[in-house]
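This report refers to the structure that appears directly beneath it.
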Amino acid sequence: MMATATTDVSVRFEAISKSFGPVHVLKDVSASVPRGMTICIIGPSGSGKSTLLRCTNLLERPEHGKIFIDGDDITAPGVNIDKLRVRVGMVFQHFHLFSHLSVIENVALALQKVRKLPKAEAEARAAVQIAAIGLKGFEHRRSSDLSGGQQQRVAIARALAMEPDVMLFDEATSALDPELVKGVLAIMRDLAFAGMTMLVVTHEMRFAREVAGQVIFMDHGQIVETGAPAQMFDAPQTPRLKYFLEQVL
Amino acid sequence: MFEGLQKIGETFFDPQIIAGVIPQLITVGLPNTLLLSVIATIIGIALGLVIATGLLASQRLVRFLCRGYVDLLRGLPHILTVYLIGQGLPLAGLSIFGKSTYAYAAFSIGLIESAYMAEIFRAGFQGVERGQVEAARTLGMTRWQAMLTIILPQGIRRVLPPLTGQFILVIKGTALVFLLGLTASQRDIFSIAQDNSINNANLSSLTAAGLLYLALTVPMTYAVAAWGARMQRGSQRGKVTA
């Protein structure tokens, strides 16, 4: 019974709590992400959505509660964090490309250091990922010579090269100029439709409506409402979600 | 008036004394000063790197100990440290370098420098964008791998100008080793000049030593400044534009 339940669920949060000093950023948050589904997390800034995402690969450690990935309790003591993180890819708002490395070196680095692939094989795999995000020919550019949109696409390729089971996107388009947002969202959409399990913190409501299998609305460290995108956007149940949507749409 | 000028000239600029000391300054003093500076800098960089890693460690005790080391060595007058280490170690029976005064001299200067260099490295490493380290960790790299592949290569670029600036201070700092009583062939620029000035009861040899120090340090100072300015422009060009 348990076994069948865990195989359908990729990530499960069980009563997660987290404080930064006196600020209670996550209060008793529970949720699960079915395998292959994209879940968009929306909510005002400071609602705890980024912290929830960062807990998923233990960049932040929850004080209470458990997180399961494919049925494994990653919050259990003695868990090898580095092994866990290979299974969970992450894309940041500010890209965080390795600024001293070229595009292909950015994508190949962890393949060499973590997957222990020889340099030639790592770079061959990296080249495939770079072509897939539409940056063929940019392999040997310095990352700082790229536009923000290009940098973010490289960051996505870098995460995907590790062949993660789950991808986390933390406001991946918030730092981009408006005309560069589309290209990044298109890659995320393709990824979602290809069956990647994704947790996406975003302010792009159109993207959430179109791509998400489920939307989670967070406010003040709690999940206030959750449901299918059509229901969430067209018939919000709680006054807080109604108010939030009025502000952003 | 003229007599006064003549006296100043004789005290500081006696051409015969200067001409007499210059060969020794250049053939013995200069190589020793440079050798001491290089050895002390190597010790300083090696220890400084370790201490800098400690200053940024996640364990509070490690941070505390390394901070103490840096505060101690930067807080003491260098002359005191050179005495305590260079004279003190062999006196206390800690003859790690046998009877080689030269080695104790280089080691004591190296220790002092390691504290300054640790601070230079710490600042350089801290300047590396934290998010890049996080990105490396999310890809499954260990703390240590992130240190070696992200922080170190980027940090080194940042610290090269201040490190070279520190090397200039080391060159001047080696003058303190005269305290330890070096043999004739081991003497650095200052020791030779000082011995000469005592023997001749005249300061002109020190003037010659001063000119030699300036010939080393002033061009290096300008080179470092130009280098630092170029790096500054380079890093601004590389700034992330969203």
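Throughout, protein chains are lettered first and strands after them, A, B, ... in sequence-line order, and every chain is numbered starting at 1.
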With a 4.5 angstrom heavy-atom cut-off, which part of [X] approaches chain B: side chain, backbone, both or neither?
X       : result
A:Phe98 : both
A:Arg87 : neither
A:Arg54 : side chain

Within a 6.0 Å radius of atom [atom1] on [X], are there more than 12 heavy atoms belonging to other residues, nucleotides or ligands?
X        : atom1 : value
B:Arg63  : CZ    : yes
A:Phe68  : CZ    : yes
A:Arg206 : CZ    : no
A:His203 : NE2   : yes
A:Phe20  : CZ    : yes

Requested in this report: Verify, without hydrogens or angle tests, whether A:His100 (side chain) and B:Thr149 (backbone) share a donor-acceptor contact under 3.5 angstrom.
Outcome: yes
**Report entry** Under 3.5 Å: donor-acceptor pair, side chain of B:Gln145, backbone of A:Lys113
**Finding:** yes
Query raised in the report: What residue, out of A:Leu101, A:Leu168, A:Leu109, A:Leu111, has the most heavy-atom pairs lying under 4.5 Å from chain B?
Result: A:Leu109
Query raised in the report: Using a cut-off of under 4.5 Å for heavy-atom pairs, which of A:Ala161, A:Ala159, A:Ser99 has the most such pairs with chain B?
Result: A:Ser99
Less than 4.5 Å apart, side chain to side chain, heavy atoms only: is that true for [X] and [Y]?
X        : Y        : result
B:Arg137 : A:Asp82  : yes
B:Thr138 : A:Val88  : no
A:Met90  : B:Glu134 : no

Query raised in the report: Roughly how far, to the nearest 0.5 Å, is the CZ atom of A:Phe95 from the CD atom of B:Gln132?
Result: 12.0 Å
**Report entry** Proximal component of B:Arg143, with respect to chain A [non-hydrogen, under 4.5 Å]
**Finding:** neither
**Report entry** Top contributor to chain A interface from B:Leu139, B:Thr142, B:Val133 [non-hydrogen pairs under 4.5 Å]
**Finding:** B:Leu139
